[in-house]
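One structure is given below, encoded as structure tokens.
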Amino acid sequence: MGNFIEELDERYRRERKKNKIKKENKSFVCNIPFRVSLHGKVNENYIIRKGKLTRFLYIKDDCRVYFTDADILTMLLQIQNNITMDLLIENLIRVYKKSFEQYNIWISKKKYEVVGMAQIKDEQILTNPYDIDISFDELFVLINLILSKDQASTPLWPSRPDFLKHTTSKYISLIKYYYYKDEKARSYLLNMGYDVEKSIYSNYDTLDKRDEKRKFFCDFNEFEKNGLL
């Protein structure tokens with residue numbers, strides 16, 4: 001069925017060439033509609049924004065919103081049902097260990113088989129600074145899309161740390177610390193230089209802070225030694 005990230009990269013190169021976009025122009029993007037079929041439900045509330053990076057934008061009320069990892073994690077911390085969070089952590093650990101559920105996306109008429117987490121049901125509505133409320137179910141679709149992107153991207157960048165393990169270890173450790181007050185997670189974060197006294201947003205609210213943390217969550221041996229799985 002092909003690697004959808006590799007084919008999106010090729011599509012982006014063709015569009016740049018077709019539109020005679022100069023190399024120094026970093027702002028050119030392609031907005032690509034697609035469909036997701038996850039756990040028996042079809043979702044068309046996301047669009048791919050393909051530029052140098054591949055991003056998924058949530059569509060609601062004629063708005064398109066890009067949620068960062070900080071946005072996603074901060075919304076997850078609002079979840080009131082502890083069982084939902086327990087299941088989420090369990091599923092993220094399974095994905096870290098490369099145990100997946102299969103689902104499908106369609107870009108144009110082409111179908112791709114991709115990977116994600118087992119189903120979790122929760123109807124809570126989550127808020128964010130963009131004033132675009134989103135249900136847990138919709139956010140769960142986005143998290144799965146990010147995981148599928150990371151899994152498809154990893155073999156394309158063999159010199160980089162495993163993207164999927166990077167994302168899942170980040171989500172697991174930050175949720176365990178901020179939601180569960182887990183001491184092992186706190187120790188792991190402190191050893192990296194993460195400021196555990198500040199919120200997730202405060203740790204990522206400037207370019208310098210984001211640049212500083214680019215290599216965080218990449219030492220998978222250390223993550224596993226800390227007993228967070």
message = For K170 and D69: C-alpha separation, side-chain torsions, deciding distance, then whether salt bridge (charged side-chain N to carboxylate O under 4.0 Å, His left out) applies.
response = CA-CA 9 Å; K170 179 180 184 180; D69 279 345; 3.2 Å; yes

Residues L228 and I93: closest non-hydrogen pair is O-CD1, 4.0 Å

Would E224 and Y96 count as a side chain to side chain donor-acceptor pair (under 3.5 Å) if you check the C-alpha gap in whole Å, the side-chain angles of each, and the deciding distance to 0.1 Å?
CA-CA 10 Å; E224 293 167 18; Y96 179 90; 2.6 Å; yes

### Query
Would a distance-only check, ignoring hydrogens and angles, find a side-chain to backbone donor-acceptor pair under 3.5 Å from Q124 to Q78?
yes

In short, W106 meets K111 closest at the heavy-atom pair NE1-CB, 3.4 Å

query = Between Y66 and I47, is there a shared hydrophobic cluster once you connect ILVMFWY residues whose side-chain heavy atoms come closer than 4.5 Å?
reply = yes

Q.
K52 vs D9, test: salt bridge (charged side-chain N to carboxylate O under 4.0 Å, His left out). Steps then yes/no.
A. CA-CA 8 Å; K52 184 178 179 182; D9 288 343; over 6 Å; no

- Aromatic contact, F217 with F223 (centres under 6.0 Å): no

- Task: Verify the distance criterion only: is there a donor paired with an acceptor across the side chains of S148 and Y103 at less than 3.5 Å?
- Result: yes

No-hydrogen, no-angle side-chain donor-acceptor test under 3.5 Å, N82 and Y180: no

Between the CZ atom in F34 and the CD1 atom in I107, the distance rounded to the nearest 0.5 Å is 7.0 Å

Please check if atom CD1 in I83 has more than 12 non-hydrogen atoms from other residues, nucleotides or ligands closer than 6.0 Å. no

Heavy-atom nearest pair, R49 first then N31, reads NE-OD1, 2.9 Å

* **Neighbour count >12 (heavy atoms, 6.0 Å) for atom CD, E123** => no

From the list Y201, Y171, F67, side-chain contact (heavy atoms from CB on, under 4.5 Å) with L73 holds only for Y171

TODO: Spell out, yes or no, whether M75 and I125 are grouped together once hydrophobic residues are joined by side-chain heavy atoms under 4.5 Å, including indirect joins.
DONE: no

(message) As a quick check of understanding, evaluate side chain to side chain contact (heavy atoms under 4.5 Å, CB included) for I132 and D61, giving each step before the final call.
(response) CA-CA 9 Å; I132 302 292; D61 300 331; 5.6 Å; no

Evaluate the criterion side chain to side chain donor-acceptor pair (under 3.5 Å) for residue pair Y204 and D71; output intermediate values, then yes/no. CA-CA 10 Å; Y204 289 93; D71 294 324; over 6 Å; no

For this output row, return yes or no: ring centroids of Y58 and Y46 closer than 6.0 angstrom.
yes

Practice prompt. Would you check if the side chain of N25 reaches a backbone N or O of I21 as a donor-acceptor pair within less than 3.5 Å?
Written response: no

Original post:
Linking I/L/V/M/F/W/Y whenever any side-chain heavy atoms sit under 4.5 Å apart, do Y179 and L229 land together?
Top reply: yes

query: Does a donor on one side chain sit under 3.5 Å from an acceptor on the other, for N104 and S37?
result: no

Any donor-acceptor pair under 3.5 Å from T54 side chain to K50 backbone:
no

Consider only side-chain N and O atoms of N45 and E138, and report whether a donor and an acceptor are under 3.5 Å apart. yes

- Start with the C-alpha distance between E6 and R11, add both sets of side-chain angles, then the distance that settles salt bridge (charged side-chain N to carboxylate O under 4.0 Å, His left out), and finish with yes or no. CA-CA 9 Å; E6 189 171 27; R11 180 170 178 166; over 6 Å; no

- Message: Taking atom NZ as the centre, does K209 end up with more than 12 heavy-atom neighbours from other residues, nucleotides or ligands that are less than 6.0 angstrom away?
- Response: yes

For N3 and E7, run side chain to side chain contact (heavy atoms under 4.5 Å, CB included): C-alpha distance rounded to whole Å, both residues' side-chain angles, the deciding distance at 0.1 Å, then the answer. CA-CA 6 Å; N3 182 318; E7 295 188 24; 5.8 Å; no

